[in-house]
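Below is one structure, written out as structure tokens, with a few remarks after it.
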Amino acid sequence: MLFLLLLLIVGPGRADERAAYQRWAASQMVVAHPEPDYHFVADIHARLAPLVHDRSGVVEPFVAGLTVEKRPVWAFRVSDPTRPVQQKMFVFGGIHALEWVGVESAFLFLEDMIRNPPPGVEVIVIPILNMDRRLVVEADLLAGRRVYRRANANMVDLNRDFAVNRESRAIWRHILPRRYATSPGPLSQPESQLIDRLADQERFDVAVSMHCFGGYLYYPWSGLFERPPDREEFVEMGFVMKEAQDGRGYRVQQLSHWGFFFRALGSEIDHLYGKYGTKAFLIEMTRSGYTLNPKTWSDPFRAYNPEDPEKHRRMGVQALRALAWHISEP
């Protein structure tokens, strides 16, 4: 951990961060677990580490920041080294600890990009942002516990911790106050701070935050009912992603229009779009993992994550891949 802190302070070279990542990935213990169709953190990096080693000119790992409990949040920068970068794309998953299908799609999309990066596009992927609580969920599963977990280690909902559109004039804020709640203050948590810092440094053209569940391709605003100035471009990009998906693709919609009473204040997509002009999307993966089997109804893990995630994570990868290639140079 001291070595990782030094990396953040002194700004290491790529070789140092690559070596640090390989050591960190090797330290993760792969174990059998009760959700074999999903990947634990160690499983994810056991797959990524060989690709990072073999494709050194294409992918560069780096520590984007530290969590509340001082764990590294690993990010991966991917591009075709033979082509100049014209567009930048950002993908991140795991804001909420229990929402695993979005993480699955993010890391499988990362694998796809490492193997076949689109020309002229640099992609940065953070597979898991809320690492502290994700590991708690893994411990829960290994211990046979099925517990609802959403927030970070400070019990703050990172999806409500950003700085743009934290206030609402909607009358529903008095009737449904919990729906209009935000964090203690804008960018109060290290995980949301690192997203803001990265967005400031990189100035992404597009960004996608991976969640579940619902089956939607959401665009801003989430905290305002009014239409965004770039609505037509958002809709075009949204349908590029929808039409790339198998079967009945996800619905493209402005997030605040999900219900006339609904607002998501302080969201990451409003922050990225409102502060940095990034065309930001929030994908709600799956349409829940609940089935006709009553055993699923009391399982919070199953609420978000179907027993067989293959179709759903594939749809996430299809959407992300389509967007990356859509913005690539001709």
Side-chain angles (χ1 to χ4, degrees), residues 38-39 41 44 64-69 71-76 89-107 109-110 124-138 147-166 181-184 186-199 204 206-214 216-220 222-223 255 258 263-273 275-276 278 280-286 300-301 303-305 312-313 316 319-320:
Y38 287 84
H39 296 83
V41 170
I44 291 171
L66 301 179
T67 64
V68 171
E69 296 177 349
R71 291 187 173 90
V73 175
W74 284 102
F76 301 83
M89 179 175 177
F90 181 35
V91 174
F92 56 108
I95 273 189
H96 295 140
L98 207 59
E99 299 178 8
W100 284 31
V101 179
V103 172
E104 295 280 315
S105 291
F107 107 80
F109 168 71
L110 173 57
I124 290 179
V125 180
I126 294 177
I128 304 174
L129 178 66
N130 186 1
M131 182 65 78
D132 293 340
R133 300 303 276 181
R134 164 62 184 243
L135 293 175
V136 172
V137 174
E138 293 188 4
V147 181
Y148 179 81
R149 300 194 189 277
R150 177 180 175 91
N152 74 345
N154 282 336
M155 303 308 293
V156 171
D157 185 349
L158 298 173
N159 191 220
R160 299 294 188 273
D161 193 46
F162 291 86
V164 175
N165 293 337
R166 293 179 59 85
T182 57
S183 64
L187 300 174
S188 68
Q189 302 302 301
E191 295 90 351
S192 49
Q193 292 166 15
L194 75 84
I195 294 293
D196 177 69
R197 184 169 58 248
L198 196 59
F204 298 107
V206 298
V208 184
S209 175
M210 305 298 289
H211 291 248
C212 50
F213 63 97
Y216 282 88
L217 297 157
Y218 285 125
Y219 59 87
S222 67
L255 181 50
W258 176 80
R263 303 290 185 276
L265 303 179
S267 75
E268 67 270 32
I269 60 171
D270 278 16
H271 185 87
L272 291 168
Y273 177 57
K275 185 174 180 179
Y276 296 111
T278 301
F281 291 85
L282 187 158
I283 301 183
E284 290 282 9
M285 301 291 302
T286 85
F301 184 85
Y304 298 95
N305 307 295
H312 308 282
R313 61 189 173 201
L320 294 170

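All values reported here derive from a predicted model rather than from experimental measurement. Only this structure's heavy atoms are used, side chains among them; waters, hydrogens and symmetry mates stay out.
Remark: Arg149 CZ to Met155 CE distance equals 7.5 Å, nearest 0.5 Å. Interatomic distance, OH of Tyr304 versus NE2 of His96, reported as 8.0 Å (0.5 Å rounding). Leu282 CG to Leu272 CG: the interatomic distance, rounded to the nearest 0.5 Å, is 10.5 Å. In this structure, Leu265 CG and Asp161 CG are separated by 12.5 Å, a value rounded to the nearest 0.5 Å. To the nearest 0.5 angstrom, Arg133 atom CZ is 11.0 Å from Leu158 atom CG. Distance check: Arg150 CZ to Leu98 CG gives 10.5 Å after rounding to the nearest 0.5 Å.
One side chain, Glu191 or Asn152, offers a donor N or O that lies under 3.5 Å from an acceptor on the other. Under 3.5 Å, the side chains of Asn305 and His312 contain no donor-acceptor pair of N or O atoms.
Residues Ile128 and Phe107 fail the side-chain proximity criterion, which asks for heavy atoms closer than 4.5 Å. Considering only heavy atoms from C-beta on, Leu320 comes within 4.5 Å of Met89 through its side chain. For the pair Met210 and Val103, the minimum side-chain heavy-atom distance is 4.5 Å or more. Side chains of Leu255 and Asp270 form no contact here, defined as non-hydrogen atoms less than 4.5 Å apart.
Nearest heavy atom pair, residue Met285 against residue Ser105, reads CE-OG, 3.4 Å. Between Ser188 and Pro184, the closest heavy-atom pair is OG-CD, 4.2 Å. What you find for Val101 and Arg313 is that their closest heavy atoms are CG1-N, 4.2 Å. Nearest heavy-atom pair across Asn130 and Ala151 is ND2-O, 3.0 Å. Across all their heavy atoms, Ala106 and Val91 have their closest contact at CB-CG1, 4.2 Å. Closest approach of Leu194 and Ala64 over heavy atoms only: CB-O, 3.7 Å.
Judged purely by atom type and a 3.5 angstrom limit, Ser183 uses its side chain to pair as donor or acceptor with the backbone of Arg160. Counting only distance, with no hydrogens or angles, the side chain of Glu99 and the backbone of Cys212 share a donor-acceptor pair below 3.5 Å. Side-chain atoms of Asp132 come within 3.5 Å of backbone atoms of Glu69 as a donor-acceptor pair (strictly under, hydrogens ignored).
Taking the six-membered ring for Trp and the full ring otherwise, Phe301 and Tyr38 have centroids separated by under 6.0 Å.
The aromatic rings of Phe90 and Phe204 lie parallel to each other, with less than 30° between the two planes, well short of the 60° mark.
A cation-pi contact links Arg134 to Trp100, judged by a cut-off of 6.0 Å to the six-membered ring centre and 45° from its axis.
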- Residue pair Val147, Val136: steps toward the side chain to side chain contact (heavy atoms under 4.5 Å, CB included) verdict: CA-CA 10 Å; Val147 181; Val136 172; over 6 Å; no
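Under the side chain to side chain contact (heavy atoms under 4.5 Å, CB included) rule, Ile195 has a single partner from Ile95, Val73, Leu187, Ile126, which is Ile126.
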